[in-house]
Chemist: 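Okay, handing you the structure first.
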There are 2 protein chains.
Amino acid sequence: MLTIGTLAKRTGTKVQTIRYYEQIGLLPEPGRTEGGQRRYGDSDLDRLAFIRHARQLGFTLEAIRELLDLSDNPDRSCADVDRIAHRQLKEVEVRITRLDALRKELKRMLGECSRDTVADCRVLEVLRDHAACLTDHGQGV
Amino acid sequence: MLTIGTLAKRTGTKVQTIRYYEQIGLLPEPGRTEGGQRRYGDSDLDRLAFIRHARQLGFTLEAIRELLDLSDNPDRSCADVDRIAHRQLKEVEVRITRLDALRKELKRMLGECSRDTVADCRVLEVLRDHAACLTDHGQGV
DNA sequence: CTTGAACCTCTACCTACTGTAGCTTGTAAG
DNA sequence: CTTACAAGCTACAGTAGGTAGAGGTTCAAG
Ligand SMILES: [Zn+2]
Ligand SMILES: [Zn+2]
Ligand SMILES: [Zn+2]
Ligand SMILES: [Zn+2]
């Protein structure tokens, strides 16, 4: 039986985060001591490790919830699992594409600045006028 | 004189977002009609366009606040402006590096899956155990 | 003068946590 | 057995950067 602090250390999670996962139903309510403190078993450790690892790979908590549900049906086809992972891959690729456009534009405007006064700063000029941009950075980041 | 709706349309911003920027002090409080409706001038249009463009390039609102302050002192050296832009470039590069590691790992685990049952799904196996990862995806995304 | 789109304020909500205040429990040493 | 204190508990607030809705008012065209 593990205390919440031990579970936190073993999984590299903050104690509050564990309680938060319980609150949103991502971790089951654990047993309690007489005094009301949480006590965890190995299955909780596995589940939390899964969640943290999936988070590190960028999955949202909603996606993780789906993955955990699917993981409970070992006999089913893994098509849904792969679909979720594929969607995640696509999202990552989209973000990379967008960030790469930003990187290019930032590099370019920094390269063009002659490091003189604010009045002549090329960086500010570009920020003032998207027409001075070569990149098409649609919405958000 | 522009209404908030017109200003929103001209800059591709939501009306609520404009009021939000005012609330956090990023846009000055505009004049009002007798009835209390906001009316904007061209300087507001320029300032908001600047903010939105900088946001599209990934600058935080705090960075934008600094840039706007600097922009008000045309005679000063632009070193600070360039430092902010440079910091932004670095952050973008870090994020790209991290996302690229995620992309590789997601691609790899999807490539290794034999698309059979959930019990054998390689994607889930990797998620369960970071040792099965080739990538070192430290903290967060 | 009437209608209705656009405006107003205020509040709550989103993700994925993190931090704080004020109190209680568990455990090890003396 | 008592005491000290780390670690636990709940509840609430806050982060970035907005977005959505309720319920009420104003502006401008017809
Ligand atoms: Zn410059
Ligand atoms: Zn641009
Ligand atoms: Zn699979
Ligand atoms: Zn891993």
Side-chain angles (χ1 to χ4, degrees), chain A residues 1-27 29-40 44 48 50-68 88 91-92 95 98 137 139-141, chain B residues 1-27 29-40 44 48 50-68 88 91-92 95 98 102 137-141:
Chain A
M1 282 302 179
L2 305 164
T3 65
I4 197 170
T6 312
L7 184 65
K9 245 171 235 152
R10 294 257 193 105
T11 56
T13 314
K14 303 236 158 139
V15 166
Q16 296 104 302
T17 305
I18 297 176
R19 290 197 279 246
Y20 169 70
Y21 287 161
E22 178 186 330
Q23 192 192 311
I24 62 169
L26 208 56
L27 284 176
E29 290 186 26
R32 301 265 186 157
T33 62
E34 297 262 309
Q37 296 196 359
R38 293 169 177 82
R39 289 297 181 266
Y40 295 94
D44 296 307
L48 181 54
F50 183 100
I51 294 169
R52 294 310 289 174
H53 194 209
R55 283 294 298 137
Q56 290 185 326
L57 282 158
F59 289 89
T60 64
L61 293 181
E62 265 327 290
I64 293 171
R65 203 189 290 274
E66 288 185 68
L67 289 169
L68 285 166
Q88 172 63 12
E91 269 163 36
V92 167
R95 290 170 66 188
R98 198 134 61 189
H137 40 77
Q139 16 279 349
V141 190
Chain B
M1 284 303 178
L2 305 164
T3 65
I4 197 170
T6 311
L7 184 65
K9 244 170 238 156
R10 293 254 193 110
T11 56
T13 315
K14 303 235 160 144
V15 166
Q16 296 104 302
T17 305
I18 297 176
R19 291 197 279 246
Y20 170 69
Y21 287 161
E22 178 185 330
Q23 192 192 311
I24 63 170
L26 207 57
L27 284 177
E29 291 186 24
R32 301 265 186 156
T33 61
E34 297 262 309
Q37 298 196 357
R38 292 169 177 81
R39 289 296 181 267
Y40 295 94
D44 297 306
L48 182 53
F50 183 100
I51 295 169
R52 294 310 290 174
H53 194 210
R55 284 293 298 137
Q56 290 187 325
L57 282 159
F59 288 89
T60 65
L61 293 181
E62 265 327 291
I64 293 170
R65 204 188 291 275
E66 288 184 68
L67 289 170
L68 285 166
Q88 172 63 13
E91 270 164 36
V92 168
R95 290 171 66 189
R98 198 135 63 190
L102 298 194
H137 41 77
Q139 16 279 348
V141 190

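Per chain, numbering begins at 1; letters A, B, ... match sequence-line order. Model, not experiment: these values are computed from the prediction. Below, each value reflects all heavy atoms present in this structure, side chains not excepted, and no hydrogens, waters or symmetry copies.
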Chemist: Any idea which of C:dT18, D:dG17, C:dC8 is nearest the B:I4 side chain?
Modeler: C:dC8
Chemist: A:I18 CD1 to C:dC17 P: how many Å, rounded?
Modeler: 12 Å
Chemist: Under 3.5 Å, which protein N or O atoms sit close to an N or O of nucleotides 26-28 of chain D? Give each pair with its distance.
Modeler:
{"unit_1": "D:dC27", "atom_1": "OP1", "unit_2": "B:T33", "atom_2": "OG1", "d": "2.8"}
{"unit_1": "D:dC27", "atom_1": "OP1", "unit_2": "B:G35", "atom_2": "N", "d": "3.1"}

Chemist: For D:dG17 and B:K14 - does any side-chain N or O of the residue sit under 4.0 Å from the phosphate oxygens OP1/OP2?
Modeler: no
Chemist: Closest to the A:R38 side chain: C:dC8, D:dC9, C:dT18?
Modeler: D:dC9
Chemist: Check the phosphate of D:dC12 against A:R19, side-chain N and O only, distance under 4.0 Å to OP1 or OP2. Yes or no?
Modeler: no
Chemist: Side chain of A:R55, heavy atoms from C-beta onward: which of C:dA16, D:dC9, D:dG18 has the nearest atom to it?
Modeler: C:dA16
Chemist: Any salt bridge linking A:E22 with A:R38? Criterion: basic side-chain nitrogen under 4.0 Å from a carboxylate oxygen.
Modeler: yes
Chemist: Classify the side-chain pair B:Y21/B:R52 by whether it contains a donor and acceptor separated by less than 3.5 Å.
Modeler: yes
Chemist: Within the distance-only criterion (no hydrogens, no angle test), does the side chain of A:Q23 pair as donor or acceptor with the backbone N or O of A:I18 below 3.5 angstrom?
Modeler: no
Chemist: Report the distance from atom CG of B:L2 to atom P of C:dC7, rounded to the nearest whole Å.
Modeler: 11 Å
Chemist: Minimum heavy-atom separation for B:L2 and B:R10, please, with both atom names.
Modeler: CD2-NH2, 3.8 Å
Chemist: Grab the CD-P distance between A:Q23 and D:dC9 for me, whole Å please.
Modeler: 13 Å
Chemist: Compare every heavy atom of B:A8 with every heavy atom of B:V15, then report the nearest pair and how far apart it is.
Modeler: CG2-CB, 3.9 Å
Chemist: Are B:R32 and C:dT9 close enough that a side-chain N or O sits under 4.0 Å from OP1 or OP2?
Modeler: yes
Chemist: For A:E22 and C:dC17, give me the distance from atom CD to atom C1', rounded to whole Å.
Modeler: 16 Å
Chemist: Would you say the side-chain atoms of A:T33 pair up with the backbone N or O of A:Q37, donor to acceptor, closer than 3.5 Å?
Modeler: yes
Chemist: Bend across the helix from C:dC1-D:dG30 to C:dG30-D:dC1, to 10°, with axes taken over 5 pairs at each end?
Modeler: 10°
Chemist: Begin from the C-alpha positions of A:L7 and A:T13 and carry the test side chain to side chain contact (heavy atoms under 4.5 Å, CB included) through to its verdict.
Modeler: CA-CA 8 Å; A:L7 184 65; A:T13 314; over 6 Å; no
Chemist: Under 4.0 Å, heavy atoms only, any strand: does B:R52 hit a base, just the sugar-phosphate, or nothing?
Modeler: sugar-phosphate
Chemist: Figure out the OH/C1' separation between A:Y20 and D:dA11, and round it to whole Å.
Modeler: 16 Å
Chemist: Does a side-chain N or O from B:Y21 land closer than 4.0 Å to OP1 or OP2 of D:dG18, or not?
Modeler: yes
Chemist: Round to a whole Å and report the spacing from CD1 of B:I64 to P of D:dA16.
Modeler: 13 Å
Chemist: Given the rule in the side chain to side chain contact (heavy atoms under 4.5 Å, CB included) test, do B:L27 and B:R19 qualify, once you have shown the distances and angles that lead to the verdict?
Modeler: CA-CA 9 Å; B:L27 284 177; B:R19 291 197 279 246; over 6 Å; no
Chemist: Counting only side-chain nitrogens and oxygens, does B:T17 get under 4.0 Å of the OP1 or OP2 atom of D:dT19?
Modeler: yes
